Amino acid sequence: MGRRRGGGRRRTFRREDTAPKHRINDMLRVPEVRLVGDNVADIAAELGEDISAGNVYDTRQVKGWARDMALDLVEISPNAVPPVAKIIDYKKFLYQQKQREKELKANTVKTVVKEVRFGPNMGDHDFNFKLRHAREFLEDGAKVKAYVHFRGRSIVFKDRGELLLLRFMKELEDVGTAEAMPKMEKRRMNVMIQPKKRKKSDAAKKKTRAKEADAELEKKLNTIEEE
């Protein structure tokens, strides 16, 4: 009996997409482009050509300028008439774009929402327990979604639920602000509380003042030495 061929699992390789994200150099086949960029004046001076940013030029001529500068002709706005292009270092351009995207992503703060559930007939002990947790959430920078859930016949206690949430908002007004008054959604009454922006603590202010004092002292010492 012969060996069975093709018995193993085939390996699949994901090919990396190396195609340019913009049309560059010989990929631009339009007759004319509008040349823009902060470096146009420098290019004109380097090549000794009469080139001005914002003007329309023959594409082949602009490609030649890009080659002479050892740079790339990159299409920036393909839908414009004529298309808008720049003479730049394309690899450097992509790197700068990637860095900007990283910075934007790093600066984007994810909002955390913590939920706190109440019953319409909750006692003071349970209320205070949940209040302490809500205060901690707000102090940590999270939003707090508080709601009263009405089960079965407890829906007749909507007024109690509203008073409970209003009390909750009042107790937390030093660390949070309600986005709106409590509102009813199906069998729940909700309120969203966002944390207040923190002011600098006394310790942080003291540290800042100490640094400023040290800098001022160093400045005075340098002035005395110069004299």
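Atoms considered below: every heavy atom in the structure, side chains included; atoms not considered: hydrogens, waters and symmetry mates. Small disclaimer: the values here were computed from a predicted structure and weren't measured.
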Tell me whether the guanidinium CZ or amine NZ of Arg187 lies under 6.0 angstrom from the six-membered ring centre of Phe150 and within 45° of its axis. no

Assess the residue pair Met192 and Val113 against the criterion (side chain to side chain contact (heavy atoms under 4.5 Å, CB included)); give the C-alpha distance rounded to whole Å, side-chain angles, the decisive distance to 0.1 Å, and a yes or no. CA-CA 9 Å; Met192 183 72 77; Val113 178; 4.2 Å; yes

Do the non-hydrogen side-chain atoms of Phe168 and Leu163 ever get within less than 4.5 Å of each other? no

Sequence neighbours excluded, which residues qualify as side-chain hydrogen bond (donor to acceptor under 3.5 Å, both in side chains) partners of Glu173? Lys170

In the structure I gave you, are the side-chain heavy atoms of Arg188 and Met184 within less than 4.5 Å of one another anywhere? no

Spacing of Gln99 atom CD and Gln97 atom CD [to the nearest 0.5 Å]: 11.5 Å

Just to verify, what does Gln194 make a side-chain hydrogen bond (donor to acceptor under 3.5 Å, both in side chains) with, not counting sequence neighbours? none

Under a 4.5 Å cut-off applied to non-hydrogen side-chain atoms, are Lys143 and Val112 in contact? no

Determine the minimum heavy-atom distance between Ala53 and Gly37, stating which atoms define it. CB-O, 4.1 Å

To the closest 0.5 Å, what do you measure between NZ (Lys63) and CE (Met27)? 10.5 Å

Got a second to check how far Leu172's CG is from Thr177's OG1, nearest 0.5 Å? 10.0 Å

Pair Arg135 + Asp174: basic N to acidic O under 4.0 Å: yes

Find the distance between CG (Leu94) and NZ (Lys92) and round it off to the nearest 0.5 Å. 13.0 Å

Please list all pairs passing the salt bridge (Lys or Arg N to Asp or Glu O under 4.0 Å) test where one or both residues lie in residues 29-51, with sequence neighbours left out. none

Kindly compute the distance separating CD1 (Ile43) from CD1 (Ile51), expressed to the nearest 0.5 Å. 7.0 Å

Going only through I, L, V, M, F, W and Y residues with side-chain contacts under 4.5 Å, is there a path from Ile193 to Met122? yes

With a cut-off of 3.5 Å and sequence neighbours excluded, list every side-chain donor-acceptor pair involving residues 64-86.
from	atom 1	to	atom 2	distance (Å)
Asp72	OD1	Asn25	ND2	3.0
Asp72	OD2	Tyr90	N	3.0
Glu75	OE1	Arg23	NE	2.7
Glu75	OE1	Arg23	NH2	3.2
Glu75	OE2	Arg23	NH2	2.7

side-chain hydrogen bond (donor to acceptor under 3.5 Å, both in side chains) partners of Arg160, counting only residues at least two apart: Asn121

Which heavy atom in Ala142 sits nearest to a heavy atom in Pro195, and how many Å separate them? O-CD, 3.5 Å

Closer than 3.5 angstrom, by distance alone: can the side chain of Asp58 be matched with the main-chain N or O of Arg60 as a donor-acceptor pair? yes

Rounded to the nearest 0.5 Å, what separation is found between the CD atom of Glu162 and the NZ atom of Lys183? 13.5 Å

Establish whether Phe137 and Tyr147 are linked, either directly or via other cluster members, by ILVMFWY side-chain heavy-atom contacts under 4.5 Å. no

Shortest non-hydrogen separation from Leu28 to Thr59 and the atoms involved: O-CG2, 4.1 Å

Heavy-atom closest pair, residues Leu166 and Pro182: CD2-CD, 4.1 Å

Pair up each side-chain donor or acceptor in residues 126-134 with any protein partner under 3.5 Å, not counting sequence neighbours, and list the distances.
from	atom 1	to	atom 2	distance (Å)
Asn128	ND2	Asp124	O	3.1
Lys130	NZ	Arg117	O	3.1

Just do the ring pair (Phe, Tyr, Trp, His ring centres under 6.0 Å) check on Phe93 and His22 with the steps written out, would you? CA-CA 11 Å; Phe93 170 74; His22 303 79; 5.4 Å; yes

For the backbone of Met189 and the side chain of Lys158, can you confirm whether one donor and one acceptor N or O come within less than 3.5 Å of each other? no

Should Val116 and Lys145 count as side-chain neighbours, where that means a heavy-atom distance under 4.5 Å? no

Shortest non-hydrogen separation from Ala178 to Val191 and the atoms involved: CB-CG2, 4.1 Å

hydrophobic_cluster_shared for Ile87 and Val36, side chain cutoff 4.5 Å: no

Non-hydrogen atoms of Val62 and Val33 that approach each other most closely: CG2-CG2, 4.0 Å

